[in-house]
Amino acid sequence: MNYTRKNYDCIVVGAGHAGCEAAIAAARLGAKVLLCSLNLDNIALMPCNPAIGGPAKSTIVREIDALGGIMGEAADATYIQMRMLNSSKGPAVRALRAQSDKKQYMNYMRNVIEGIENIHLRQACVTDLIAKDGVITGIVDEFGIEYGARSVILTTGTSLAGRIFVGLKSYSAGRLGEMAAIGLSDSLRKLGISLKKLKTGTPPRVDKRSIDYSKMTIQPGDDELYFYSFKPDRPIRKQYPCYLTRTNEETHRIIKENLDKSPMFQGLIEGVGPRYCPSIEDKVVRFSSNPSHHIFIEPEGLGTYEIYIQGFSSSLPAEVQVKMLHTLPGLENAHVIKPAYAVEYDYVPAVQTLHSLMSKDVKGLFFAGQINGTSGYEEAAGQGLVAGINAVNYLNNSEMLELDRSSSYIGTLIDDLVTKDIQDPYRMLTSRSEYRLLLRQDNADARLTPLGHKIGLISDEQFRIFTEKQQNIEKEMARLFEHKISATEKVNEILSKYGEHLERGIKAAELLKRPNITYKILQEIDEETALLNLPRDVYEQAEVLIKYDGYLKRQEFQVEQAGKLDKYKIPEDIDYDKIDHISSETKDKLNKIRPKTLAQASRIGGVKPADISILMVLLDRHEIARKVL
C-alpha cells in the first residue's frame, strides 16, 4: 500500500470519557495527538445514564477540574438538572449529581477537542500495536495503515472484543448499534499482556409521550445550585424533573419466570457484572426478600423523547422486557425505543500497570478507563487525565504523576486497581477511602489546584483566582476565632429557633462548632458577619474547617502515620524468593505487583501484616540490599 506513515507524539485509542481527557491533557501539554474512535459521531457518548456525579464520583469530577481536566466544565455547561445528594449529612458524603443533556454534552466535548490545534481525529478501528524491544512505536488500523507514536493510550471502553446479549441471542458489538474492536486483544496477548472478561449492561429507553407521570413521584432539581467546576460564572440553566416509580410483585414474578432466558443465569456470559449496579434480574434474585425496588425515570436530553429507565438494566429478551416495564406504575403503556442489553468485553487487569497507568511490560503503552476494569464515566475520566499527563511525562523523560491515596479519590482508585486483584467492575465508593474526611468534593481545589498549575493544565489566571479564594478562607477563619458574639436577648431569640442558647458571650468560631449552628445562622444573628457578604464557597469552606477541626486533625495524624510506610522504598530489582520467613503466597503477590514502597505492599490483597513487618526489619537493617541486589 502506498502510504506515508504519519507520526505523532501520542495516540489515544478510544474517544469516550477517558480518551477525551487523555487527548485534551496531552495536547494542552504540547503533544501532537491522534485521537482514534470507531465512530467520531459518538465522541464522549454517555451510553448508559446521561448523568455525571453522585456519591464519591462527584469528588472525582471536582478533582479532575482542579487538575485542569474538562469533565466538570462540560457537565456544568450541559446539565438539565442539578441535585446535591446527602445534603443533610456530613461534608464527606455530600455528592453533587448532574443529569446531562446527552447530545449537548457530546457536542461540548467535541467542540473543545476540535478547538485544540494539535489534536487530530481519525475514525478507525485499531487492530494491532507495534512495539520493538518492549517499547511501543505505533498502531495499525483495520485498513493496514500504520501510525507511529512514542506513546499510546488505550481507552477502549466496552468495545474490546465486545459482545452484546439480549436474551439468548448475542452478536459482536461494543454497544448497541456499534461495532466491536476486533484484533486488538490478540495484539495485546502477543505483547505478553493477559486479558480477562467483564460484563456490564444498560436499561431500556422509552418514549416519554407514552409515560403517565401522574402515577410517579417527582424528583426536582435544587433551587440553590452548586457546580462542578471551580471556575467562576457557571451557567444558570432551566432545570427539568426526574421521576420515581417502583417494581412490584408482578414485575418480580415475570422476571423469575423468565430466568431461563437470561444469558447470565444460563452461563452464556463469562464476565462478572458490576456489583454495585446489578441488573434488575440480579436484584430480584439476590434480594428476594425485598418486595420492591426503586426505578428512576430520567430524560436523555431536551431534543429527544428518549427516557432512561434507571435501575432497570437487563439482558432478558426484548419481549420480556416490555412485559416487565408494563407492570411499573406510570409505564403501563410505555413504548420501548431501545431494549436493554448486556455487553461482555475484554479488559486488562491493572495489576499489570504502574501507578502512572503505564504498562509494566511495554514502555510507552498506557491504559485508562474500563479497559482497566472500572465502571463509570467519572472513574474513566480521572484515569484518562492521569494517563494523558503521564504520556507527556514519558515523552519528556520527566517524573511520572502518581497520586497517592491521601491526596485524592483518583489516587485511591488507581492504587486499588494496580495493587488489588479486581474481580468485578470497580466503582469508586466513599468507603474505599480511609481518608474520606480529608478528600471531600468541597476541597478538591485546595488539594490539587497547585499540582494542576505546576503540571501546566491550570492557567496563571485560574491559579490567581484559586489563591485569592484560599486567602479569603484563611482570613475569615482568623476573624471567626477573634470575633465575639454577645449573649443579647435578640441573639438568643434567634438561637432558640435552632435549639441553642448563650449564657455569655462566645467567639464566633466556638459557636459555629455547635452541631445546630451554620454560617448562615451566624449571618442571621451577627451584623458584622452578614455585612461581609462573602462568596458561598469561601464561607462554606471556613465553616467545614472550623466545625470538623478535631476530626480533620485526627485523620491528618492517620495520614502521617501511614506515610511512615511510604518512606520505606523497596528496591526495584528485589528478588522476593530469596527472602526467608515470607509465605509463598505473599512472594507470588509481591513478584506480580512489584510495589515501590511498604505502604503499597501492605495494600496488596493476600499480603499479611507479619510479612510487612519482616520486610520492614530487613529494610531497616539494609539486609535486603546485601541479600538480593
Side-chain angles (χ1 to χ4, degrees), residues 49 51-66 71-72 75-76 79-100 216-230 234-244 276 294 296-298 310-311 376 378 409 427-433 435-447 469 473 476 497-500 511-524 529 534-549 551-552 555:
N49 195 355
I52 299 293
K57 293 169 177 281
S58 63
T59 302
I60 293 177
V61 181
R62 286 271 181 89
E63 290 175 353
I64 289 169
D65 187 77
M71 175 174 267
D76 287 350
Y79 71 91
I80 54 179
Q81 185 185 101
M82 280 283 194
R83 292 188 74 187
M84 183 67 77
L85 308 179
N86 302 324
S87 57
S88 62
K89 298 182 180 179
V93 293
R94 291 172 196 161
L96 186 61
R97 183 181 185 275
Q99 189 72 18
S100 297
M216 301 177 178
T217 304
I218 192 168
Q219 303 278 305
D222 290 340
D223 294 327
E224 187 177 11
L225 290 177
Y226 286 83
F227 297 100
Y228 285 112
S229 180
F230 292 101
R234 299 288 82 207
I236 306 298
R237 291 165 56 92
K238 182 180 178 180
Q239 296 195 75
Y240 296 82
C242 298
Y243 293 83
L244 174 66
Y276 300 100
H294 283 111
F296 293 92
I297 311 301
E298 301 173 334
Q310 166 81 325
E378 303 83 357
Y409 272 18
R427 177 181 180 179
M428 191 63 208
L429 307 168
T430 56
S431 59
R432 294 194 191 275
S433 173
Y435 307 123
R436 69 180 189 178
L437 289 180
L438 298 178
L439 307 182
R440 308 180 307 276
Q441 63 173 11
D442 60 84
N443 72 343
D445 59 337
R447 291 185 279 115
K469 173 186 170 182
I473 292 169
E476 177 59 3
K497 295 188 297 183
Y498 306 102
E500 294 288 349
L511 180 60
L512 190 57
K513 287 183 179 182
R514 296 186 180 183
N516 296 335
I517 301 300
T518 66
Y519 191 91
K520 286 185 177 180
I521 296 174
L522 285 186
Q523 291 175 315
E524 190 178 351
T529 303
L534 291 173
R536 184 180 65 184
D537 59 349
V538 170
Y539 72 70
E540 284 188 346
Q541 191 63 201
E543 178 182 341
V544 168
L545 292 173
I546 289 173
K547 189 178 287 290
Y548 299 96
D549 178 59
Y551 297 101
L552 296 175
Q555 194 139 97

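Note that this is a predicted model, so its numbers are computed, not measured. Just the heavy atoms: all of them, side chains too, but no hydrogens, waters or symmetry mates, feed the values below.
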Requested in this report: Would you sort out whether Arg94 and Glu540 count as a salt bridge (Lys or Arg N to Asp or Glu O under 4.0 Å), showing the intermediate values?
Outcome: CA-CA 13 Å; Arg94 291 172 196 161; Glu540 284 188 346; over 6 Å; no

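- For the 3.5 Å distance criterion, the side chains of Asp442 and Gln541 qualify, holding a donor opposite an acceptor.
- Among all heavy-atom pairs drawn from Leu437 and Leu552, the shortest one is O-CD2, 3.5 Å.
- Atom-to-atom distance recorded for Met82:CE and Ile52:CD1 is 9.5 Å, nearest 0.5 angstrom.
- Put simply, OG on Ser100 and CG on Asn49 are 9.0 Å apart, with the number rounded to the nearest 0.5 Å.
- The closest donor-acceptor contact from the side chain of Lys57 to the backbone of Met428 lies at 3.5 Å or more, if one exists at all.
- Taking OG1 of Thr430 as the reference point, atom CG of Leu439 lies at 11.0 Å (rounded to 0.5 Å).
- Across Ile517 and Leu511, no two heavy atoms sit closer than the pair CB-O, 3.5 Å.
- Side-chain N or O atoms of Gln239 include one that pairs as donor or acceptor with a backbone N or O of Asp222 at under 3.5 Å.
- Of all heavy-atom pairs spanning Leu85 and Gly54, the tightest one is CD1-CA, 4.2 Å.
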**Report entry** Full working for side chain to side chain contact (heavy atoms under 4.5 Å, CB included) between Val93 and Arg436
**Finding:** CA-CA 8 Å; Val93 293; Arg436 69 180 189 178; 4.0 Å; yes

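- Closest approach of Ile80 to Arg237, counting heavy atoms only: CG2-NH2, 4.1 Å.
- Both tests do not hold together for Arg62 against Tyr409: distance to the six-membered ring centre under 6.0 Å, angle to the ring axis within 45°.
- In terms of modelled atom types and a separation under 3.5 Å, the side chain of Glu378 and the main chain of Ile60 share no donor-acceptor contact.
- Side-chain contact between Thr518 and Tyr539 is absent, with no heavy-atom pair separated by less than 4.5 Å.
- Between Glu476 and Tyr519, the side chains place a donor N or O and an acceptor N or O closer than 3.5 Å (distance only, hydrogens not considered).
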Query raised in the report: Is there a side chain to side chain contact (heavy atoms under 4.5 Å, CB included) between Ile521 and Glu500 once you walk through the steps?
Result: CA-CA 11 Å; Ile521 296 174; Glu500 294 288 349; over 6 Å; no

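- We find the OG-OH distance between Ser87 and Tyr226 to be 8.5 Å, quoted to the nearest 0.5 Å.
- At least one side-chain heavy atom of Lys469 sits under 4.5 Å from a side-chain heavy atom of Asp445.
- Annotation for Gln81 and Tyr240: closest pair NE2-O, 2.9 Å, computed over non-hydrogen atoms.
- No donor-acceptor distance shorter than 3.5 angstrom exists from the side chain of Asp76 to the backbone of Pro235, with no hydrogens or angles considered.
- The CZ atom of Phe296 sits 9.5 Å away from atom OG1 of Thr217, with the distance rounded to the nearest 0.5 Å.
- Put simply, CG on Leu512 and CZ on Arg514 are 11.0 Å apart, with the number rounded to the nearest 0.5 Å.
- Although no hydrogens or angles enter the test, the distance criterion places a donor-acceptor pair under 3.5 Å between the side chain of Tyr228 and the main chain of Leu96.
- Side-chain atoms of Gln99 do not come within 3.5 Å of backbone N or O of Ala51 as any donor-acceptor pair.
- The backbone N or O of Arg440 lies less than 3.5 Å from a partner atom in the side chain of Arg447, making a donor-acceptor pair.
- Taking a cutoff of 4.0 Å between a charged side-chain nitrogen and a carboxylate oxygen, Glu298 and Arg83 do not qualify as a salt bridge.
- No donor-acceptor pair under 3.5 Å is formed between the side chain of Gln441 and the backbone N or O of Ser58.
- No donor-acceptor pair closer than 3.5 Å links the side chain of Asp65 to the backbone N or O of Gly72.
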